[in-house]
Amino acid sequence: MKIYSSLILLGLMAFSFLSAQERKLSNSEIPKPIVMYVSQNFPAEKIFEAETEGEKGDLKYEIKLTNGVEIDFNKDYRVTSIKSDFALPDQVILPEILEYVKRNYPGKTIREWEAERNGQKVELDNDLELYFNKKGEFKRLDR
């Protein structure tokens with residue numbers, strides 16, 4: 001009986017820990033810089049769902065728009081990733097990366113963008129992943 005009680009208690013503790021990690025936000029709780037980013041870069045869309053994940057020192061905001069685009073922000077409200085089923089707006093991609101893709105992959109569009117430790121990654125509509133440094137200089141390709 002003690003084993004079952006311990007397992008139940010452990011399960012409840014784990015559930016409460018995970019619940020505290022993730023929280024849905026009402027529209028009034030969404031930080032203003034995030035709302036401004038969405039309205040400037042996705043003007044035809046509204047925020048459909050917003051939630052926070054993590055602790056104060058490592059807080060992350062996950063935003064979903066009405067068109068299905070998903071945008072992640074860090075605790076400083078900087079975009080860390082954007083995922084879409086269609087082409088991302090040009091203004092959310094570093095001009096050097098955008099130009100590289102247009103020049104080397106004509107007709108292909110960028111559907112995902114992610115900030116990485118030493119640069120940026122984009123995924124094209126043909127599933128190619130291109131890696132760039134922080135200045136937007138091409139580094140490598142993953143197929």
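Worth knowing before you read on, the calculation uses all heavy atoms, side chains too, and leaves out hydrogens, waters and symmetry mates.
For T80, there are no side chain to side chain donor-acceptor pair (under 3.5 Å) partners, not counting sequence neighbours.
Crowding of D76 atom CG: a count of heavy atoms from other residues, nucleotides or ligands under 6.0 Å exceeding 12.
Between K121 and E114, at least one side-chain nitrogen of the basic residue sits less than 4.0 Å from a carboxylate oxygen of the acidic one, meeting the salt-bridge criterion. A salt bridge links E49 to K24: at least one charged side-chain nitrogen sits closer than 4.0 Å to a carboxylate oxygen. Ion pairing between R23 and E29 holds under the 4.0 Å rule for side-chain N and carboxylate O. A salt bridge links R140 with D142: at least one charged nitrogen is closer than 4.0 Å to a carboxylate oxygen.
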Evaluation steps, side chain to side chain contact (heavy atoms under 4.5 Å, CB included), between Y131 and Q120: CA-CA 6 Å; Y131 293 82; Q120 302 172 53; over 6 Å; no

Side chain to side chain contact (heavy atoms under 4.5 Å, CB included) between N74 and Y61, worked out: CA-CA 6 Å; N74 66 14; Y61 296 88; over 6 Å; no

F42 and I71: CA distance, side-chain angles, deciding distance, side chain to side chain contact (heavy atoms under 4.5 Å, CB included) verdict: CA-CA 11 Å; F42 299 90; I71 309 170; 3.7 Å; yes

Donor-acceptor pairs under 3.5 Å, side chain of residues 87-105 to any protein atom, not counting sequence neighbours: which ones?
residue : atom : partner : partner atom : Å
Q91     : NE2  : N41     : O            : 3.3
N104    : ND2  : Y100    : O            : 3.0

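For Y77 and Y37, the gap between ring centers reaches or exceeds 6.0 Å.
How far CD1 of I82 is from CD1 of I63: 12.0 Å, rounded to the nearest 0.5 Å. Note that CD of E62 and CD of E22 are 6.0 Å apart. Values are rounded to the nearest 0.5 Å. Rounded to the nearest 0.5 Å, atoms CD (E123) and CD (E129) are 5.0 Å apart. In this structure, N133 CG and K139 NZ are separated by 5.0 Å, a value rounded to the nearest 0.5 Å. Between atom NZ of residue K134 and atom CD of residue E116 there is a gap of 11.0 Å, rounded to the nearest 0.5 Å.
Sequence neighbours left out, the pairs with a member in residues 63-72 that pass side chain to side chain donor-acceptor pair (under 3.5 Å) are E45-T66, D72-S81.
Taking hydrophobic clusters as Ile, Leu, Val, Met, Phe, Trp and Tyr residues chained together by side-chain heavy-atom distances below 4.5 Å, L59 shares a cluster with F73. Each of V38 and M36 belongs to its own hydrophobic cluster when Ile, Leu, Val, Met, Phe, Trp and Tyr are linked at side-chain heavy-atom distances under 4.5 angstrom.
Between D125 and G107 the shortest heavy-atom distance is OD2-O, 4.3 Å.
The shortest side-chain heavy-atom distance between R111 and T109 falls under the 4.5 Å cut-off. Looking only at side-chain heavy atoms (C-beta outward), F86 and V69 come within less than 4.5 Å of each other.
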